[in-house]
Amino acid sequence: GEAYSPTSAILPRILDNISGLDIFIHDSSHWYHDMICDFETIWGKLNSGGIVLADDVHANNSFLDFAFPKSRKPYFASRIKSGYIGLLQK
């Protein structure tokens with residue numbers, strides 16, 4: 001079978017061909033390190049006013065730990081089944 005490849009291993013290659021993003025939706029690995037790496041990787045490509053949406057932000061503190069040093073206010077929406085989706089605007 002194929003080996004597992006976290007998005008942080010492939011995101012930089014994908015982003016090389018993109019000039020800017022208006023929205024990024026994170027719904028891959030919910031390990032703290034993976035989420036922080038993904039957010040940091042896309043932040044430089046996110047256009048001013050762009051949005052980061054992240055699923056399962058209740059899984060760890062990575063979303064808050066990323067947002068606060070950027071001086072951005074995170075928003076949260078409750079999912080119907082359980083958990084939260086986070087929204088952050090650049």
Side-chain angles (χ1 to χ4, degrees):
E2 292 183 344
Y4 173 75
S5 177
T7 55
S8 58
I10 60 173
L11 259 179
R13 289 182 293 185
I14 294 169
L15 293 173
D16 279 345
N17 299 315
I18 297 172
S19 61
L21 297 170
D22 291 321
I23 190 167
F24 176 78
I25 300 171
H26 185 278
D27 191 15
S28 62
S29 170
H30 293 110
W31 289 98
Y32 181 95
H33 180 264
D34 293 343
M35 291 178 78
I36 284 282
C37 286
D38 291 350
F39 299 149
E40 290 290 352
T41 300
I42 62 92
W43 193 252
K45 289 285 188 166
L46 197 64
N47 295 325
S48 179
I51 301 289
V52 175
L53 285 174
D55 190 32
D56 294 329
V57 294
H58 59 280
N60 60 60
N61 287 333
S62 63
F63 193 72
L64 293 174
D65 290 350
F66 177 77
F68 289 140
K70 303 276 189 252
S71 299
R72 303 295 180 198
K73 181 180 178 184
Y75 295 91
F76 301 95
S78 179
R79 294 187 340 202
I80 293 171
K81 292 182 181 180
S82 68
Y84 296 90
I85 294 170
L87 182 145
L88 190 66
Q89 186 173 24
K90 186 172 185 182

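Hydrogens, waters and symmetry mates play no part in the numbers below; they use all other heavy atoms, side chains included.
In this structure, the separation between CG on L88 and CZ on F68 is 9.5 Å, given to the nearest 0.5 Å. Atom OG of S28 sits about 8.5 Å away from atom CD1 of I10, to the nearest 0.5 Å. Atom NE2 of residue H26 and atom CG of residue D55 lie 9.5 Å apart, to the nearest 0.5 angstrom. How far CG of N60 is from NE2 of H33: 12.0 Å, rounded to the nearest 0.5 Å. The distance from atom CD1 of I25 to atom CD1 of I42, rounded to the nearest 0.5 Å, is 11.0 Å.
Using a 4.5 Å cut-off on side-chain heavy atoms (C-beta onward), F76 and L64 make contact. Residues S62 and W31 fail the side-chain proximity criterion, which asks for heavy atoms closer than 4.5 Å.
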Please tabulate, for the side chains in residues 80-87, all donor-acceptor contacts under 3.5 angstrom to protein atoms that are two or more places apart in sequence or on a different chain.
none

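Partners of F24 under the ring pair (Phe, Tyr, Trp, His ring centres under 6.0 Å) rule, at least two apart in sequence or in another chain, do not exist in this structure. Qualifying side-chain contact (heavy atoms from CB on, under 4.5 Å) partners for Q89, counting only residues two or more places apart in sequence or in other chains: I51. Residues passing the salt bridge (Lys or Arg N to Asp or Glu O under 4.0 Å) test with D27, sequence neighbours excluded: none. In terms of the salt bridge (Lys or Arg N to Asp or Glu O under 4.0 Å) criterion, K90 has no residue partners (sequence neighbours excluded). Annotation: side chain to side chain donor-acceptor pair (under 3.5 Å) contacts of D65 (sequence neighbours excluded): Y32. Applying the salt bridge (Lys or Arg N to Asp or Glu O under 4.0 Å) criterion to R72, with sequence neighbours excluded, gives no partner residue. Annotation: salt bridge (Lys or Arg N to Asp or Glu O under 4.0 Å) contacts of D56 (sequence neighbours excluded): R79.
Between the D34 side chain and the T7 main chain, no donor and acceptor come within less than 3.5 Å of each other. Put simply, the side chain of H30 never gets that close to the backbone of H58: no donor and acceptor are under 3.5 Å apart.
For residues 14-25, every residue pair satisfying the side chain to side chain donor-acceptor pair (under 3.5 Å) rule, not counting sequence neighbours, is listed here: D22-N47.
M35 and L15 fall within a single hydrophobic cluster, where Ile, Leu, Val, Met, Phe, Trp and Tyr are joined by side-chain heavy atoms under 4.5 Å apart, directly or via other members. Following chains of ILVMFWY side-chain contacts shorter than 4.5 Å, one can reach L21 starting from V52, so the two form part of one hydrophobic cluster. Put simply, I14 and F39 are part of the same group of oily side chains (I, L, V, M, F, W, Y) that touch within less than 4.5 Å, one to the next.
Using cut-offs of 30° and 60° for the angle between ring planes, the W43 and F66 rings count as perpendicular.
Closest approach of F63 to Y75, counting heavy atoms only: CE2-O, 4.3 Å.
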